[in-house]
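Some notes on the structure that comes next.
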Amino acid sequence: MIWLTWRQHRKQALYTLAGLLALAALIVPTGLSMRGTYADKGLRACLDGLRDGNLSPEASNTCMRALDAFNDQYGTLTFAGVLLLVLPLLVGLFWGAPLVARETEQGTHRLVWTQGISRRRWALVKVAAVGGFTLAVAVVYGLGTSWWMAPLMHAGQLSRFESGLFDMQGIAPIGYTLFAVALGVFAGTVWHKVLPAMGVALAGFAVLRIALTVLLRPRLMPPKVRTYLVEGNTGERGNLTGDWVLAKQVRNPDGSIVASNTEVSCPPGVTGPGGKACGADLGLQAGAYNWQQYQPGDRFWLFQSIEAGVFVALAILLFYLAIRRVRRIA
Amino acid sequence: MEYVLETDQLGKRYGGRWAVRDCTLRLPAGRVAALVGPNGAGKSTLLHMAVGLLRPDAGAVRVLGRAPYGDTELLSDIGFVAQDTPLYRDFTAAELVTMGGKLNRRWDAALARTRLAQLGLPPDRPVGKLSGGQRAQVALALALAKRPSLLLLDEPVASLDPLARREFLQALMGSVAETGATVLLSSHILADLERTCDYVVVLSASQVRLAGPTDELATSHRQLIGPRHDGGPIGGVAAVVRASHTDRQSTLLVRTDGPITDPMWTVREPSLEDTILAYLTEGDTRASHSEWGVAA
């Protein structure tokens with residue numbers, strides 16, 4: 001059975017590994033150059049200094065400029081990274097959906113299920129082999145992108161906690177990949193042709209991923225709220241702590257919202273046009289403050305674990321259902 | 001007598017429609033049996049239940065006295081060639097033989113290789129690039145290498161040209177003579193069966209209409225031609241299977257239970273094909289009349 005599994009899927013495995021190598025050819029050189037720049041410019045010390053607030057104003061400015069330059073240089077890589085979000089889905093479509101559906105579509109299930117091994121054993125070996133292989137691929141992919149993105153995620157502007165960036169690194173992609181494969185396999189046991197099974201897996205994956213990302217993830221734990229005065233704020237500090245800001249508003253002391261999705265800062269001694277108080281033309285009264293709802297950056301791995309766990313659990317359930325269904329297909 | 005395949009009131013339902021219903025059948029050991037019926041009569045469903053691919057919804061099917069569904073051990077005693085002889089098209093014939101060895105405890109790889117060599121099949125070409133007839137031969141070799149007690153073939157020759165069909169059936173007959181397996185072969189090509197089979201099962205509209213050794217069918221059925229017949233009893237006739245009438249003349253295909261001595265009738269021995277067709281037609285009319293809600 002193991003021989004058969006290898007013989008049937010070796011070509012596909014080879015293509016998958018070639019794809020991983022191609023990905024590595026993109027990730028490794030850019031990752032190394034990013035890390036080189038990051039170290040050369042001393043950005044880590046900069047970042048620590050900015051976060052702790054113990055830099056002199058000049059040093060602080062130099063640091064901010066260096067970080068900006070770094071982000072300008074490499075920030076576009078995140079767009080390439082976002083393209084990688086579809087990789088778990090592709091693995092699910094091409095590894096999962098045909099596993100059973102191609103057999104039933106071509107009638108070969110009637111050949112292999114009438115040999116001297118039980119269907120349960122056939123399904124277990126297939127699921128274990130394909131699940132194990134895609135798990136290995138997903139681990140390499142997830143940890144590889146984490147390594148790749150790490151400097152950009154610690155350069156003061158982007159947070160790895162943000163939607164999109166969260167989804168492409170760490171252990172969450174492992175959960176997505178296993179889930180996509182399991183969904184594909186299961187769809188193939190319900191729809192006995194490859195294309196419909198792929199279509200269903202595609203739709204199911206997209207719907208669940210988007211729903212969980214938009215609806216569930218921000219509420220996994222109660223978000224924290226922080227407020228700080230507009231006046232005396234030394235300017236946007238960027239994202240030094242890796243927080244995931246869910247909502248930000250500028251409010252007057254009575255709690256009324258002046259502006260949403262923005263942050264206002266009036267450094268000490270700065271006045272608005274015409275000598276008015278800073279922010280007065282926006283309608284800000286004295287004592288106005290910024291209000292932010294956020295998930296703190298140190299919850300990143302907790303959220304990753306929860307999300308990976310949810311998807312791995314779903315994958316196990318789908319694999320189980322698929323193996324059960326295989327015994328009823330004729 | 002020992003029965004290799006037995007079914008008892010066997011039924012299988014797809015949704016609300018019975019593909020096979022009340023099917024009772026006993027196939028004696030050592031026979032080469034034809035399972036005959038029009039498309040959609042339930043032949044494949046019956047074979048799939050016999051090889052454990054499908055679970056019966058009613059009644060029972062037993063192969064060598066055991067229920068095949070979910071019985072992996074029994075599978076090694078059943079050779080099966082599915083419709084359109086499905087094979088992994090990117091595998092070579094040699095790889096398929098290896099696969100059989102990995103998936104079966106009892107596997108006569110030498111037998112399969114010898115057969116394929118005798119047929120002059122290339123061992124190292126993907127079977128998807130072989131002709132339909134060659135693929136059918138590969139599928140047959142794989143089924144035979146299990147050294148099965150019961151060999152089930154689902155329309156193995158339906159898609160083959162006449163020459164390939166004859167070669168396939170010859171190969172089948174030769175190997176059956178060697179191994180002594182009992183064969184049940186479904187087909188709707190009647191002409192081939194007369195040469196190859198010594199037992200016939202007629203399945204029509206999901207039920208068994210007729211089952212028996214071909215020589216018995218030949219002696220127990222007669223075609224009568226005579227003046228128009230109004231349905232009264234005829235001496236020596238057990239049942240009229242099919243009757244067709246013109247204004248003045250009737251042609252009957254009858255099952256006999258004694259000699260027909262009435263000089264009114266011209267008696268002929270029908271061919272196996274005629275007999276089978278008579279049973280198929282009978283089944284057809286009965287089914288369609290009841291489905292349309294009119295009297296037959």
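Residue numbers begin at 1 in each chain, while the letters A, B, ... track the order of the sequences.
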Heavy-atom side-chain proximity of [X] to [Y] below 4.5 angstrom:
X	Y	result
A:W3	B:E95	yes
B:M99	A:L111	yes
A:T114	B:H48	no

Please classify the contact between B:Y69 and chain A as side chain, backbone, both or neither, with a heavy-atom cut-off of under 4.5 Å. side chain

Heavy atoms of other groups near [X] [atom1], more than 12 under 6.0 Å:
X	atom1	result
A:L21	CG	yes
A:R35	CZ	yes
B:R55	CZ	no
A:F133	CZ	yes

Which distance, rounded to the nearest 0.5 Å, do you find between the [atom1] of [X] and the [atom2] of [Y]?
X	Y	atom1	atom2	result
B:Y88	A:Q106	OH	CD	9.0 Å
A:T5	B:K102	OG1	NZ	11.5 Å
B:D154	A:R110	CG	CZ	7.5 Å
B:T72	A:R119	OG1	CZ	9.5 Å

For chain A, which residues of residues 105-127 of chain B have at least one non-hydrogen atom nearer than 4.5 Å to it? B:W107

Residues of residues 74-87 of chain B contacting chain A, heavy-atom criterion under 4.5 Å, by residue number: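 Checking residues 74-87 of chain B against chain A gives B:L75, B:I78, B:F80, B:A82, B:P86, B:L87.
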
What residue, out of A:R102, A:R7, A:M1, A:E103, has the most heavy-atom pairs lying under 4.5 Å from chain B?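 Sorted descending by pairs with chain B, the first entry is A:R7.
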
Between chain B and each of A:Q8, A:K11, A:R327, count heavy-atom pairs under 4.5 Å; write down the option with the most.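 Most heavy-atom pairs within the cutoff with chain B belong to A:Q8.
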
Determine the minimum heavy-atom distance between A:Q115 and B:K146, stating which atoms define it.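 Closest approach of A:Q115 to B:K146, heavy atoms only: CA-NZ, 3.9 Å.
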
Chain A contacts, top residue of B:D71, B:L103, B:L142, B:T98 (heavy-atom pairs, under 4.5 Å):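 The candidate making the most pairs under 4.5 Å is B:L103.
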
Where the side chain of A:R120 meets the backbone of B:G70, is there a donor-acceptor pair that is under 3.5 Å apart? no

